[in-house]
Amino acid sequence: DMYILIFLIFLLCALLTKEKPNFITLITLIVIFILIIGLRSPYIDQDYQNYLRESKYGSGISEFTFYIFSNISYSLTNSAVLMFVIYAVITVPTQFYALYKHSNFFWISLLFFFPTYFVILNMNAMRSGAALGITMIAWSYWAERKTLITLGLIALATSLHYSFAILFLFYPIVRNNDKYLKVFLAAIPIVFAFHTLIDIDEFFAFFSVIEFIAVKSNAYSTEDFEPVSIFSTVILLRVAIVAALYYYREELSKHNSLFYLFFKLYIVGLVLLVFIADIPPVAFRLLDIFAASELVLLPMFLYTIKQRYIALGGITVYAFLYFYINIILAQNIKPYEMII
């Protein structure tokens, strides 16, 4: 199976080298993944057919960029394939470049990236995948408090998927330092208590007067989603990761100048996930927006354990857990086929 092969190749690279790939290898990877994403068959992911219908009979609730790309695609090729290629061309170089720039262990980042963000965003919710790539490019400008550039990139990401507008709310309070870190941490038990004591459905009903939120809420309510247990393995593992990152924060911050930005973004993602766990599609989308910083954070645990292979083994098991959930169990992507 191609997915297992790719996973094993990334694992082998992670085992054999600590070094980042050379420029030629990086470009080759980018080209391969652009082709994999852009030229995939219409029947291997869960969103392809939805995108086809929207591009042909648009309901008007998608982003204006989606209609621009779909119009270009149909005008030039009389099909939607070019639209998927355009999104892949935006998504892959931005994501891979950001990981190449910020990750201390590039191959380990890809090992975790493949069964998570690649499957869920790049191969399914491609608009979000493209928006995430732009957001990852914004990380360094965010850390440096280059406000105009950061907000411009967030606006660009929002034009690709409206959900990324939430970043505007958190930009003023998420800074790349250890100030107020304990406030961020305190939000975790608070949100667990809030979720337990408050009727979330009634809380969100208050906001249904806003037309855009109402449209999105109605779209989600037509599906039969099981609420996520806030004490599920996935969430409790993330709580444990936050605890470990906090414990090793002084050591890890020496190895990555953006550590505190990544750590705070990860905490925000966890808090939002727990806060609206009763609406899984929204909860996990917001988690993806913020917690993608884990692609850089998780490999840094190699600095905390002298035996490198113990830390790498733990990350590999964690990555394979998502491989099992997303690819084997949920079948978010079926056996790969190219459209040509």
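- Y318 has its ring centre less than 6.0 Å from the ring centre of Y322.
- Side-chain contact annotation: S70 with Y51, donor-acceptor N/O pair under 3.5 Å absent.
- When side chains are defined from C-beta on, F262 counts as touching H102, because their heavy atoms get closer than 4.5 Å.
- A single hydrophobic cluster is not seen to contain both L5 and W107; linkage of ILVMFWY side chains at heavy-atom distances under 4.5 Å, directly or through other members, places them apart.
- Side chain of N326 to backbone of P115: a donor-acceptor contact under 3.5 angstrom is found.
- Considering only heavy atoms from C-beta on, S163 comes within 4.5 Å of I289 through its side chain.
- Between I241 and L297, every side-chain heavy-atom pair lies at or beyond the 4.5 Å cut-off.
- Distance CD1/I310 to CG/L302: 10.5 Å, rounded to 0.5 Å.
- The backbone N or O of Y162 lies less than 3.5 Å from a partner atom in the side chain of E63, making a donor-acceptor pair.
- Taking the six-membered ring for Trp and the full ring otherwise, F105 and Y303 have centroids separated by under 6.0 Å.
- Closest of all the heavy-atom pairs between A88 and G38 is CB-N, 3.8 Å.
- At a cut-off of 3.5 Å, with distance as the only test, no side-chain donor of Y260 or R249 sits close to an acceptor on the other residue.
- Of the residues V228, I276, I120, the one that meets the side chain to side chain contact (heavy atoms under 4.5 Å, CB included) test with F284 is V228.
- A distance of 12.5 Å separates CZ of F69 from OG of S62, quoted to the nearest 0.5 Å.
- Separation of the F320 and F323 ring centroids falls under the 6.0 Å cut-off.
- A donor-acceptor contact shorter than 3.5 Å links the side chain of K264 to the backbone of N177.
- We find the CG-CG distance between D288 and L121 to be 4.5 Å, quoted to the nearest 0.5 Å.
- Proximity of a side-chain donor or acceptor of T135 to a complementary backbone N or O of A131 within less than 3.5 Å is detected.
- In terms of heavy-atom proximity, L160 sits nearest to T65 at CA-OG1, 3.6 Å.
- The local environment of OH in Y141 is sparse, with at most 12 non-hydrogen atoms from other residues, nucleotides or ligands closer than 6.0 Å.
- The hydrophobic clustering, which links ILVMFWY residues whose side-chain heavy atoms are closer than 4.5 Å, places L12 and F112 apart.
- Ring orientation note: the planes of F106 and Y100 are nearly perpendicular, at an angle over 60° on the 30°/60° scale.
- Between F114 and Y3, the ring-plane angle classifies as tilted under the 30° and 60° cut-offs.
- Checked against a 6.0 Å centroid threshold, the rings of F113 and F10 do not count as neighbours.
- Heavy atoms of other residues, nucleotides or ligands lying less than 6.0 angstrom from CZ of F168 number more than 12.
- Here the side chain of R238 pairs no donor or acceptor atom with the backbone of I235 at under 3.5 angstrom.
- Counting heavy atoms from C-beta outward, Y248 and M300 have side chains that stay 4.5 Å or more apart.
- Although no hydrogens or angles enter the test, the distance criterion places a donor-acceptor pair under 3.5 Å between the side chain of Q95 and the main chain of G129.
- Residues L286 and L273 fail the side-chain proximity criterion, which asks for heavy atoms closer than 4.5 Å.
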Could you walk me through whether I6 and F33 pass the side chain to side chain contact (heavy atoms under 4.5 Å, CB included) test, one step at a time? CA-CA 11 Å; I6 293 175; F33 273 84; 4.2 Å; yes
Please step through side chain to side chain contact (heavy atoms under 4.5 Å, CB included) for the pair F118 and M123, ending with a clear verdict. CA-CA 6 Å; F118 168 78; M123 290 294 284; 3.5 Å; yes
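- When atom types are taken as modelled, the side chain of T91 and the backbone of N122 share no donor-acceptor pair closer than 3.5 angstrom.
- Atom OH of Y67 sits in a crowded spot, with more than 12 heavy atoms from other residues, nucleotides or ligands closer than 6.0 Å.
- Pairing each heavy atom of A143 with each of N176, the nearest pair is CB-ND2, 3.8 Å.
- When the side chains of ILVMFWY residues are joined at heavy-atom separations under 4.5 Å, either directly or via intervening members, L11 and I4 end up in a single hydrophobic cluster.
- The closest side-chain heavy-atom distance from M136 to F96 is not below 4.5 Å.
- The CE atom of M126 sits 9.5 Å away from atom CD1 of I86, with the distance rounded to the nearest 0.5 Å.
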Carefully, step by step, assess L15 and R308 under the rule side chain to side chain contact (heavy atoms under 4.5 Å, CB included). CA-CA 9 Å; L15 287 169; R308 178 175 184 267; 5.6 Å; no
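- Counting all heavy atoms, side chain and backbone alike, A277 lies closest to I230 at CB-CG2, 3.9 Å.
- Formation of a donor-acceptor pair under 3.5 Å by the N104 side chain with backbone atoms of H255 is found in this model.
- Checked against a 6.0 Å centroid threshold, the rings of F84 and Y48 count as neighbours.
- Put simply, the side chain of L110 reaches to within 4.5 Å of the side chain of L99, judged on heavy atoms.
- Of the inter-residue distances, the one linking I90 atom CD1 with L132 atom CG reads 13.0 Å to the nearest 0.5 angstrom.
- Taking every heavy atom of both residues into account, K334 and Y43 meet most closely at CD-O, 3.8 Å.
- Just one of F290, F184, F164 meets the ring pair (Phe, Tyr, Trp, His ring centres under 6.0 Å) condition when paired with F170; it is F290.
- Grouping the Ile, Leu, Val, Met, Phe, Trp and Tyr side chains by contacts below 4.5 angstrom, directly or via other members, places I149 with L151.
- Atom CG of L148 is surrounded by 12 or fewer heavy atoms from other residues, nucleotides or ligands within 6.0 Å.
- Not a single donor-acceptor pair under 3.5 Å links the side chain of W139 to the backbone N or O of L261.
- Counting heavy atoms from C-beta outward, T25 and N22 have side chains that approach closer than 4.5 Å.
- L298 is not connected to I305 by any chain of hydrophobic side-chain contacts under 4.5 Å among Ile, Leu, Val, Met, Phe, Trp and Tyr, and they are in different clusters.
- Residues W142 and I154 approach most closely at CZ3-CD1, 4.2 Å, considering heavy atoms.
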What verdict does the side chain to side chain contact (heavy atoms under 4.5 Å, CB included) test give for L252 and F263, after you've listed the backbone C-alpha separation in whole Å, the side-chain angles of each residue and the deciding distance to 0.1 Å? CA-CA 10 Å; L252 298 181; F263 189 22; over 6 Å; no
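- For the pair S253 (side chain) and F259 (backbone), a donor-acceptor distance under 3.5 Å is absent.
- Figure legend: cation-pi geometry between R145 and Y171, with NZ or CZ positioned under 6.0 Å from the six-membered ring centre and within 45° of its axis.
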